[in-house]
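Quick note: numbers below take in every heavy atom, side chains included, and nothing from hydrogens, waters or symmetry partners.
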Amino acid sequence: LLAGRLLQRRLADPRRVALMAHSLGGVAVVLVASRNPSISAVVSLDGTMVYQGKYLADAVPARALREFSVPSLFLTQGPFDRELRETFNADSTFAFFDGLRYADAYRVYFHRLRHRNFNSLTNRLAAPGDPLEFNPDLDVVSKDWDAMATYAVRFLDAYLKGDRSSLAFLSRSPAEQGYAPNIVSMERKAGWPDRY
């Protein structure tokens with residue numbers, strides 16, 4: 001709806017529309033992109049389909065998920081250990097990411113961040129609470145947010161602006177970018193050129 005209104009009012013270039021959201025919104029942007037061919041890129045900030053893929057499976061026809069072709073960046077907390085999977089009743093795999101065939105896709109793990117750290121408002125309020133949901137160390141969170149913002153900007157520059165240096169940045173491992181593997185790690189998939 002929002003993307004449509006921006007395009008109607010000519011406030012956006014219809015060839016370069018990206019969607020970005022956090023948590024359940026991170027699922028919604030994938031859902032919208034699966035149904036709207038005008039979306040050029042998706043950024044999901046710890047979207048809950050990472051650990052509860054049933055949300056996407058229930059909302060999007062299986063064929064649409066199989067044919068999903070929008071370049072996507074999934075910024076997420078580190079892989080779930082057994083305790084986290086049990087706490088959140090989470091899937092042990094990211095089935096949507098694993099099943100992508102036609103989209104360039106990146107999954108960047110931020111091992112020190114927790115779900116609510118991906119929301120800037122929560123970090124600004126320094127919300128106390130469950131350490132499984134929030135890392136209260138604002139120095140750590142600030143550094144990791146800087147890395148997360150770098151990946152988001154580079155991804156958008158690569159896929160919306162065609163910036164080759166940003167695409168090259170995404171092709172290198174986080175370790176090659178100077179990030180310790182226990183802080184940032186990444187998986188990437190190159191989309192097949194033609195789904196037909």
Linked, directly or transitively: Y109 and F74 (ILVMFWY side chains, under 4.5 Å): no
Evaluate the side-chain contact (heavy atoms from CB on, under 4.5 Å) criterion for residues Y159 and L170: first the C-alpha distance (whole Å), next the side-chain angles of each, then the deciding distance (0.1 Å), finally the verdict. CA-CA 11 Å; Y159 287 93; L170 293 169; 4.1 Å; yes
Shared ILVMFWY cluster between V140 and F110, side chains joined below 4.5 angstrom? no
What pair of heavy atoms forms the shortest contact from S69 to A103, and how long is it? C-CB, 3.6 Å
Are Y151 and F169 an aromatic pair by the rule of ring centers under 6.0 Å? yes
Does any non-hydrogen side-chain atom of L45 lie less than 4.5 Å from one of M20? yes
Using atom types as modelled and distance alone, determine if a side-chain donor or acceptor of S34 lies under 3.5 Å from a backbone N or O of L31. yes
Between the NZ atom in K161 and the OG atom in S40, the distance rounded to the nearest 0.5 Å is 13.5 Å
What's the verdict on side-chain contact (heavy atoms from CB on, under 4.5 Å) for R101 and K189, showing C-alpha distance, side-chain angles and the deciding distance? CA-CA 8 Å; R101 298 289 177 264; K189 298 180 85 166; 3.5 Å; yes
Taking all heavy atoms of R16 and all of L160, pick out the closest pair and write down the distance. CD-O, 2.6 Å
Polar side chain donor-acceptor pair, H115 to D46, under 3.5 angstrom: yes
Say you draw a straight line from CG of D104 to CG of L73; how long is it, rounded to the nearest 0.5 Å? 11.5 Å
Going through the checks in order, is the side-chain contact (heavy atoms from CB on, under 4.5 Å) test met by R154 and S165? CA-CA 8 Å; R154 290 296 201 137; S165 68; 3.7 Å; yes
Locate the shortest heavy-atom distance separating A105 from F97; write the atom from each residue and the value. CB-CE1, 3.7 Å
For R164, does the CZ atom sit with more than 12 other heavy atoms under 6.0 Å from it, leaving out its own atoms? no
Between D144 and V141, is there a donor-acceptor pair closer than 3.5 Å when you use the side chain of the first and the backbone of the second? no
What orientation do H22 and F118 show, parallel under 30°, tilted 30 to 60°, or perpendicular over 60°? parallel
What's the spacing between R15 CZ and S38 OG if we round to 0.5 Å? 13.0 Å
Smallest heavy-atom separation, R188 atom then Y106 atom, equals CB-CD2, 3.6 Å
Distance-minimising heavy-atom pair for V42 and V70: CG2-CG1, 3.9 Å
Drop me the distance from H111's NE2 to Q77's CD, to the nearest 0.5 angstrom. 11.0 Å
Closest non-hydrogen atoms of A147 and Y179, given as atom of the first, atom of the second and distance, are CB-CE2, 3.5 Å
Verify side-chain contact (heavy atoms from CB on, under 4.5 Å) between V108 and V184, making sure each step is shown before the conclusion. CA-CA 7 Å; V108 185; V184 182; 3.6 Å; yes
Distance check, rounded to the nearest 0.5 Å: T76 atom OG1 versus R107 atom CZ? 5.5 Å
If Ile, Leu, Val, Met, Phe, Trp and Tyr residues are connected whenever their side-chain heavy atoms lie under 4.5 Å apart, and connections chain through other members, are V153 and L19 in the same group? no
How far does CG of L113 sit from CD1 of I183, to the nearest 0.5 angstrom? 10.5 Å
